[in-house]
Amino acid sequence: MTIQSQPVASTYSCEAIYRKISDLTNLEELHQLLEEKQVKVSSLSSDRCEIQAQVMKFSADLALVVSERIPTEEVRYQIEHDMLPAKVSIRLTPQESEGSTLVVSMEAKLNPFIAGMVQPRLEEAVQYIANMLGQIRYDA
């Protein structure tokens, strides 16, 4: 199953966004936004972030690991979790005037029964992440 967000515009350049999202320690300001969605970050390094989340009323512990960096274009991550192993990418595209556009996509291998139950939640989560990334400051 592949899920892709709608493109989200940002006033910041691809370079500025890439600098921040390619090093997970730069995303500290997202903690408050994530806590609103009952997501807690328990451990954070430049390449790995351990997260505790509520997924359909179940507690889930997972890790987000940077798996590949393509400078100023894309950052790819691996989600480590027993029930929901997935790949996530954030693609950056420069705009003709100023700023850039970002798209978040997720690829997960789920059995059809589970996929039917979680797909709407995953679509919502992917778009929420894209919107959140479009709103944060990248010049700090």
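What you are looking at is a predicted structure, and each value in this text was computed from that prediction instead of being measured.
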Mind checking what makes salt bridge (Lys or Arg N to Asp or Glu O under 4.0 Å) contact with E73, not counting sequence neighbours? none
May I have the step-by-step check of side chain to side chain contact (heavy atoms under 4.5 Å, CB included) for Q119 and M1, ending in yes or no? CA-CA 8 Å; Q119 184 169 352; M1 163 178 38; 3.6 Å; yes
Heavy-atom distance under 4.5 Å between the side chains of R76 and V88, does that happen here? no
Does the side chain of Q95 come under 3.5 Å of the side chain of T101 through a donor N or O and an acceptor N or O? yes
Are I79 and I90 co-members of a hydrophobic cluster defined by side-chain heavy atoms under 4.5 Å apart? yes
Steps toward side chain to side chain contact (heavy atoms under 4.5 Å, CB included) verdict (L24, V66): CA-CA 8 Å; L24 294 175; V66 176; 4.0 Å; yes
Could I get the full list of salt bridge (Lys or Arg N to Asp or Glu O under 4.0 Å) partners for E15, not counting sequence neighbours? none
In sequence, state the C-alpha distance, the side-chain angles, and the governing distance for E50 and L44, and then conclude on side chain to side chain contact (heavy atoms under 4.5 Å, CB included). CA-CA 6 Å; E50 294 185 13; L44 187 63; over 6 Å; no
Quick one: list whatever passes side-chain hydrogen bond (donor to acceptor under 3.5 Å, both in side chains) with R69, sequence neighbours left out. D47
Working to the nearest 0.5 angstrom, can you tell me the gap between R137 CZ and T11 OG1? 10.0 Å
Under 3.5 Å, side-chain donor or acceptor atoms of residues 107-118 against the rest of the protein: list the pairs with distances, not counting sequence neighbours.
residue	atom	partner	partner atom	Å
N111	OD1	F113	N	3.0
N111	OD1	I114	N	2.8

Between atom OG of S22 and atom CD1 of I70, what is the distance when rounded to the nearest 0.5 Å? 12.0 Å
Please enumerate all residues that pass side-chain hydrogen bond (donor to acceptor under 3.5 Å, both in side chains) together with S46, with sequence neighbours excluded. none
When you compare the side chains of Q135 and N131, does any donor N or O come within less than 3.5 Å of an acceptor on the partner? no
Group every Ile, Leu, Val, Met, Phe, Trp and Tyr by side-chain heavy-atom contacts under 4.5 Å, then state whether I136 and I51 land in the same group. yes
Report, one line per pair, each donor and acceptor closer than 3.5 Å where one atom sits in a side chain of residues 2-9; sequence neighbours left out.
residue	atom	partner	partner atom	Å
Q4	OE1	R91	NH2	3.3
S5	OG	V104	N	3.0
S5	OG	V104	O	3.4

Tell me, please, which residues at least two apart from Y77 pass ring-ring contact (aromatic ring centres under 6.0 Å, His included). none
For S45, what residues pass the side chain to side chain contact (heavy atoms under 4.5 Å, CB included) criterion, not counting sequence neighbours? R48
Derivation of the side chain to side chain contact (heavy atoms under 4.5 Å, CB included) call for L92 and T72: CA-CA 7 Å; L92 306 169; T72 71; 6.0 Å; no
Same cluster or not: are V103 and M106 linked, directly or through other Ile, Leu, Val, Met, Phe, Trp or Tyr residues, by side-chain heavy atoms under 4.5 angstrom apart? no
Closest contact, heavy atoms only, N26 versus R19: ND2-O, 3.2 Å
Minimum heavy-atom distance Y12-S100, with the two atoms named: O-OG, 2.8 Å
Taken in chain and number order and not counting sequence neighbours, the residues that satisfy salt bridge (Lys or Arg N to Asp or Glu O under 4.0 Å) with D61 are none
On a heavy-atom basis, which atom in E74 and which in S89 lie closest, and how many Å separate them? OE2-CB, 3.2 Å
In terms of heavy-atom contacts, Y138 and I21 come closest through CE2-CG2, 4.3 Å
List for me each residue that meets salt bridge (Lys or Arg N to Asp or Glu O under 4.0 Å) alongside E123, sequence neighbours excluded, and say none if there are none. none
